Each structure stands twice: as C-alpha cells, then as structure tokens.
Amino acid sequence: GQGVDEPLSATGFRQADAAGSFLSNVKFTHVFSSDLLRAKQTAAAILGKNRFCKDMEIKCDARLRERKYGVAEGRPLADLKAMAKDAGEQCPSFTPSGGETLDEVRERAKDFFEFLCQLAVELEQKEHGKPGAPGRSSGTSGEQFVFPWTNHCSEAETSSGGGGSSMVLDANILVVSHGAYMRNWIGYFVSDLSCTLPENLTKSQLSSVSPNTGVSHFIIKLENGNLLKPKITCVCLNQDSHL
C-alpha cells in the first residue's frame, strides 16, 4: 500500500539492477516514478545501468502510488484475504476500511495517462515549431528505440513515414509504479480504450499482478494529435525474463 514507505530489500535491489541491465540500450525521453521510496529506488537503479539516460531527471508523481489499502496497509496479504472473506467478498475487488476502491485507482491511472498523452502532443508541437528542425523520427531513432525483446519499435517508427496525415509522436517514456495500480491501469487500457493484446496472452495473465520489476511495453499512437482516441498496442505484458 501507501502507508508503509519501506525501501527495497536486497533482493529488490538485485531485481532492479537486472531490469536496468535488460533495458540498458533503450533511450528514454522521460522517466516518471511513483513517489514511494521503493519505486524511486527502482527507477534510479534502472537509469544507473542505462547507456543513454544515467543523468536523466526522475519525475515523481503521487498519481502513480500503489493502491491505498486503509486498515490493511503494511499487513500480510493473508490478512487482506481474511478481511475480504469476512465481508463476503473477494480480492482484489474488496476495499478495506479507509482504502481506495478499484474505480478510484483507475481514475488516478486515467488522469496520469491523459497527462502523458498531452505531454507527447506538446512535445511534438514544440519540435515542429522550430524553424528547419527535423522530425524526431529521422536520424538516430534506430539507436533510441532498441528494445531487448521485440522489433515492434521499428514498426512504430516506419508507420510515420507512410502517406496521409497520420503521425506517430516519438516520446519514449519509462513509468515505474506498483503491481495493483498497474493491473488497474492495464484494465483501463483494455476495457475503456480497446487496447490490442498479444495473441497468445491468456485471461489469467491479463488479470495477474506483475512480478517485481516485470516489464510491460505499450505503443501508443495519437493520430493527428487526437487525445480522445489513442490507439494502444500491447507488445508484451509483465515480461520477467531478466529475473
């Protein structure tokens, strides 16, 4: 939860370093983290291993915090399940006294995602407003988008070179958050925004909580800067081959 702001354990630091090595060749344009210590330490460890972004500022945002669990904060998961059973409900839909509902968590995720989309549009407008400035899809973009598990990144880049007025906005954003929060965010992508999922993804995988330092990769297309209809493709979900 949010109430017990513990640092990473020794295992947590090892996992964060492993994630950093895994993502070491990915050039990020922005890094956002939950303002809770364990997330900030994870983000710092990932950047510490990165070839391009060691000195990039990590912007902390309270909207990325873990779900608030009220009276269950800091207690074992078994206690939360027992509370839910006593209330005749099941996790994760059960909300302990003083905790956040799933709808409240999703609203935080929606608000932050819309903020990211606006950021990307403003970034693109700023770039194209410079006299004689080349588009950021040109030049060294191949170097900037080297993901270790897929070449979908090149697919996103080349689509911007096609005909018509469609445009891909090249922001490459690392977001470090928490398991229950991210499960709700992904649920928002799927149910509200019709995110395209990998063909081999099962329902149980979709609803499961990411392992610590699990990596999910989404390509977001905002055609013509349209914030209302983002096209979202999930490249991978809760990837943990680095562990």
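Keep in mind that this is a model prediction, so the values were computed, not measured.
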Discussion item. Measuring centre to centre across the rings, with the benzene-like ring taken for any Trp, is Phe28 within less than 6.0 Å of Phe52?
Written reply: no
Worksheet item: When hydrophobic residues are tied together by side-chain contacts of less than 4.5 Å, even through go-betweens, does Leu80 share a cluster with Met182?
Response: no
Discussion item. Nearest 0.5 Å, please: how far is CG in Leu47 from CD1 in Ile58?
Written reply: 4.5 Å
Worksheet item: Heavy-atom count around Lys54 NZ within 6.0 Å, excluding the residue itself: above 12?
Response: yes
Practice prompt. Before giving the answer on side-chain contact (heavy atoms from CB on, under 4.5 Å), spell out for Ile219 and Ile232 the whole-Å C-alpha distance, their side-chain angles and the decisive distance to 0.1 Å.
Written response: CA-CA 6 Å; Ile219 296 173; Ile232 305 175; over 6 Å; no
Discussion item. I'd like to know whether Asp192 forms a salt bridge (charged side-chain N to carboxylate O under 4.0 Å, His left out) with Arg106, so could you lay out the CA-CA distance, the side-chain angles of the two residues, the decisive distance to 0.1 Å, and finally the verdict.
Written reply: CA-CA 11 Å; Asp192 292 24; Arg106 184 170 294 198; 3.8 Å; yes
Worksheet item: Mind checking whether His30 and Leu123 have side chains closer than 4.5 Å, heavy atoms only?
Response: yes
Discussion item. If we check side chain to side chain contact (heavy atoms under 4.5 Å, CB included) with Val175, which of these qualifies: Val31, Asp61, Leu64?
Written reply: Leu64
Worksheet item: How far does CD1 of Ile46 sit from CE of Met56, to the nearest 0.5 angstrom?
Response: 13.0 Å
Worksheet item: With a 4.5 Å limit on heavy-atom distance, are the side chains of Arg65 and Arg108 in contact?
Response: yes
Discussion item. Can a donor-acceptor pair be found, under 3.5 Å and without considering hydrogens, that links the side chain of Gln239 to the backbone of Ser216?
Written reply: no
Discussion item. Apply side chain to side chain donor-acceptor pair (under 3.5 Å) to residues Ser208 and Gln205 and explain how you reach the verdict.
Written reply: CA-CA 5 Å; Ser208 65; Gln205 288 173 316; over 6 Å; no
Worksheet item: Who pairs with Phe94 by ring-ring contact (aromatic ring centres under 6.0 Å, His included), at least two apart in sequence or on another chain?
Response: none
Worksheet item: Under 3.5 Å, is there a donor-acceptor pair between the side chain of Asn50 and the main chain of Cys53?
Response: yes
Worksheet item: Do Arg38 and His178 come within less than 4.5 Å of each other through their side chains, counting heavy atoms only?
Response: yes
Practice prompt. Verify the cluster assignment for Met83 and Val105: are they in a single hydrophobic cluster under the rule of side-chain heavy atoms below 4.5 Å apart?
Written response: no
Item to complete: State, with a plain yes or no, whether a side-chain heavy atom of Ser241 is found less than 4.5 Å away from one of Phe22.
Response: yes
Worksheet item: Quick one: do the Arg14 and Thr213 side chains pair a donor with an acceptor below 3.5 Å?
Response: no
Discussion item. Under 4.0 Å between a side-chain nitrogen and a carboxylate oxygen: does that hold for Asp35 and Lys40?
Written reply: no
Worksheet item: Side chains of Gln118 and Glu114: do they bring a donor and an acceptor to under 3.5 Å?
Response: no
Worksheet item: Arg183 and Pro92: which non-hydrogen atoms are nearest, and at how many Å?
Response: NH2-CB, 3.2 Å
Worksheet item: If you look at every heavy atom in Gly179 and Val209, which pair is closest and at what distance?
Response: CA-CG1, 3.6 Å
Fill in: Nearest-0.5 Å distance, CD of residue Glu66 to CG of residue Asp5
12.0 Å
Discussion item. As an exercise, state the distance from OH of Tyr181 to CZ of Arg67, rounded to the nearest 0.5 Å.
Written reply: 13.5 Å
Worksheet item: Is Leu8 linked to Leu36 within one hydrophobic cluster, defined over Ile, Leu, Val, Met, Phe, Trp and Tyr using a side-chain heavy-atom separation of less than 4.5 Å?
Response: no
Worksheet item: Do Leu197 and Leu193 share a hydrophobic cluster (ILVMFWY, side-chain heavy atoms under 4.5 Å, transitive)?
Response: yes
Discussion item. Treating Ser33 as the side-chain partner and Cys60 as the backbone partner, does any N or O pair qualify as donor plus acceptor under 3.5 Å?
Written reply: no
Item to complete: State, with a plain yes or no, whether a side-chain heavy atom of Gln15 is found less than 4.5 Å away from one of Leu243.
Response: yes
Worksheet item: Taking atom CG of Asp86 as the centre, does the number of heavy atoms from other residues, nucleotides or ligands within less than 6.0 Å exceed 12?
Response: yes
Worksheet item: Side-chain heavy atoms under 4.5 angstrom apart, residues restricted to Ile, Leu, Val, Met, Phe, Trp, Tyr: same cluster for Trp185 and Leu201?
Response: yes
Worksheet, complete the sentence: CD1 of Ile220 to SG of Cys234, rounded to nearest 0.5 Å, is 9.5 Å
Worksheet item: How are the rings of Phe112 and Phe115 set relative to one another: parallel (under 30°), tilted (30 to 60°) or perpendicular (over 60°)?
Response: tilted
Worksheet, complete the sentence: Closest heavy-atom pair, Val235 versus Pro198, reported as atoms and distance to 0.1 Å, is O-CG, 3.8 Å
Item to complete: Would you confirm whether Glu73, through its side chain, and Gln2, through its main-chain N or O, come within 3.5 Å as a donor-acceptor pair?
Response: yes
Response to the item:
Heavy-atom nearest pair, Leu227 first then Pro230, reads O-CD, 3.7 Å
Worksheet item: Would you say Thr95 and Glu100 make side-chain contact, with heavy atoms under 4.5 Å?
Response: no
Worksheet item: Hey, does the side chain of Ser93 reach the backbone of Glu89 with a donor-acceptor pair shorter than 3.5 angstrom?
Response: no
Worksheet item: Among Val215, Val26, Asn25, which residue meets the side chain to side chain contact (heavy atoms under 4.5 Å, CB included) test with Pro148?
Response: Val26
Discussion item. Donor-acceptor check, side chain of Glu104 to backbone of Thr101, threshold 3.5 angstrom: yes or no?
Written reply: yes
Worksheet entry | Check: Val121 and Gln125 side chains under 4.5 Å, non-hydrogen atoms | yes
Discussion item. Quick one, Pro7 and Phe13 - any side-chain contact, counting heavy atoms below 4.5 Å?
Written reply: no
Worksheet item: In Å and rounded to the nearest 0.5 Å, what is the CZ to OG1 distance from Phe218 to Thr233?
Response: 10.0 Å
